[in-house]
Amino acid sequence: PIKAPESVSTIITAESIFYKGVYYQIGDVVSVVDEQDGKIYYAQIRGFIQDQYCEKSAALTWLIPTQASPKDCFDPASYIIGPEEDLPRKMEYLEFVCHAPSEYFKSRSSPFPTVPTRPEKGYIWTHVGPTPAISIKETVTNNL
């Protein structure tokens with residue numbers, strides 16, 4: 001008989017994961033319930049980690065409520081970005097709240113890549129403001 005080799009710790013990072021029927025992406029807002037006081041706290045996902053046993057975790061940045069924050073629901077416009085957590089949290093403790101509202105809370109100084117690595121396409125460019133038009137004189141004289 002030969003002894004099995006020891007398992008080697010490997011960590012895989014990802015920009016998105018599928019966990020218990022929900023598709024999570026970097027920048028999504030999740031809620032966490034505190035075991036001690038039972039209150040709900042909100043955080044934004046900075047990155048995902050999966051270990052050699054396929055256990056999925058997320059690195060979080062906490063969101064701090066302001067006085068304008070409603071008590072019964074999450075309003076992205078009323079929260080400010082808070083401290084970044086050093087240790088990742090297991091996905092089983094996180095509950096999906098919403099996708100990132102146009103990257104409003106994404107941190108640019110994160111160790112995880114938050115800036116797109118390739119150009120994003122699909123934008124339609126248009127002129128904003130007054131557009132040059134034919135003057136009224138030219139319109140009237142052409143119609144006579």
Side-chain angles (χ1 to χ4, degrees), residues 1-139 142:
I2 298 174
K3 187 176 179 182
E6 291 186 25
S7 63
V8 179
S9 176
T10 57
I11 295 176
I12 301 169
T13 59
E15 292 189 15
S16 61
I17 62 168
F18 195 73
Y19 183 78
K20 291 191 177 180
V22 179
Y23 181 71
Y24 292 89
Q25 299 176 26
I26 290 177
D28 286 352
V29 177
V30 293
S31 64
V32 180
V33 178
D34 189 351
E35 289 181 350
Q36 294 177 353
D37 62 10
K39 292 183 180 178
I40 296 175
Y41 295 93
Y42 297 100
Q44 185 180 30
I45 297 175
R46 285 193 337 256
F48 298 102
I49 298 172
Q50 181 175 325
D51 65 8
Q52 73 266 24
Y53 305 111
C54 295
E55 188 173 271
K56 297 174 181 176
S57 302
L60 302 177
T61 300
W62 293 105
L63 302 175
I64 300 172
T66 61
Q67 290 183 351
S69 299
K71 303 292 182 204
D72 57 344
C73 63
F74 178 76
D75 179 19
S78 66
Y79 280 75
I80 58 173
I81 195 148
E84 295 179 354
E85 195 166 56
D86 295 333
L87 298 174
R89 300 240 177 184
K90 292 182 182 179
M91 291 300 294
E92 62 189 77
Y93 301 118
L94 308 179
E95 185 174 331
F96 179 80
V97 175
C98 68
H99 289 295
S102 66
E103 299 187 33
Y104 179 72
F105 293 119
K106 279 195 175 179
S107 174
R108 300 293 179 212
S109 63
S110 171
F112 297 97
T114 55
V115 179
T117 55
R118 60 184 185 275
E120 294 181 4
K121 298 178 181 174
Y123 295 104
I124 298 173
W125 291 95
T126 184
H127 181 74
V128 178
T131 57
I134 301 172
S135 67
I136 296 174
K137 276 186 182 179
E138 291 173 350
T139 310
N142 289 340

Lys56 pairs by side-chain contact (heavy atoms from CB on, under 4.5 Å) with which of Glu92, Lys20, Met91?
Met91
Looking only at heavy atoms, what is the nearest atom pair of Arg46 and Ile26, with distance?
O-CG2, 3.6 Å
Are the side chain of Thr66 and the backbone N or O of Ser78 linked by a donor-acceptor pair below 3.5 Å?
yes
Run the side-chain hydrogen bond (donor to acceptor under 3.5 Å, both in side chains) test against Asp37 and tell me which residues pass, sequence neighbours left out.
Tyr41
From Asp28 CG over to Leu94 CG, what is the distance, rounded to the nearest 0.5 angstrom?
11.0 Å
Take a 6.0 Å sphere around CD of Glu95 and say whether it holds more than 12 heavy atoms from other residues, nucleotides or ligands.
no
Enter the distance from Asp86:CG to Leu60:CG here, rounded to the nearest 0.5 Å.
11.5 Å
Any chance you could measure Tyr19, atom OH, to Lys90, atom NZ, to the nearest 0.5 Å?
9.5 Å
Close side-chain approach of Leu63 to Ile80, heavy-atom, < 4.5 Å:
no
Determine the interplanar angle of the Phe96 and Tyr24 rings, folded into 0 to 90°, and report it as parallel if under 30°, tilted if 30 to 60°, perpendicular if over 60°.
perpendicular
Heavy atoms only: give me the nearest Gly82-Ile64 pair and the separation to one decimal.
CA-CD1, 3.7 Å
Just wondering, more than 12 heavy atoms not from Asp34 lying within 6.0 Å of its CG?
yes
Might you point out which heavy atoms bring Ser31 and Val97 nearest each other, and give the distance in Å?
N-CG2, 3.5 Å
Contacts of Tyr42 that satisfy ring pair (Phe, Tyr, Trp, His ring centres under 6.0 Å) - sequence neighbours left out:
Phe74, Tyr79
Any donor-acceptor N/O pair, Gln25 side chain to Ser16 backbone, under 3.5 Å:
no
Residues Trp62 and Arg89: closest non-hydrogen pair is CZ2-NH2, 3.7 Å
Residues which pass side-chain contact (heavy atoms from CB on, under 4.5 Å) with Val33, listed by chain and number, not counting sequence neighbours:
Ile40
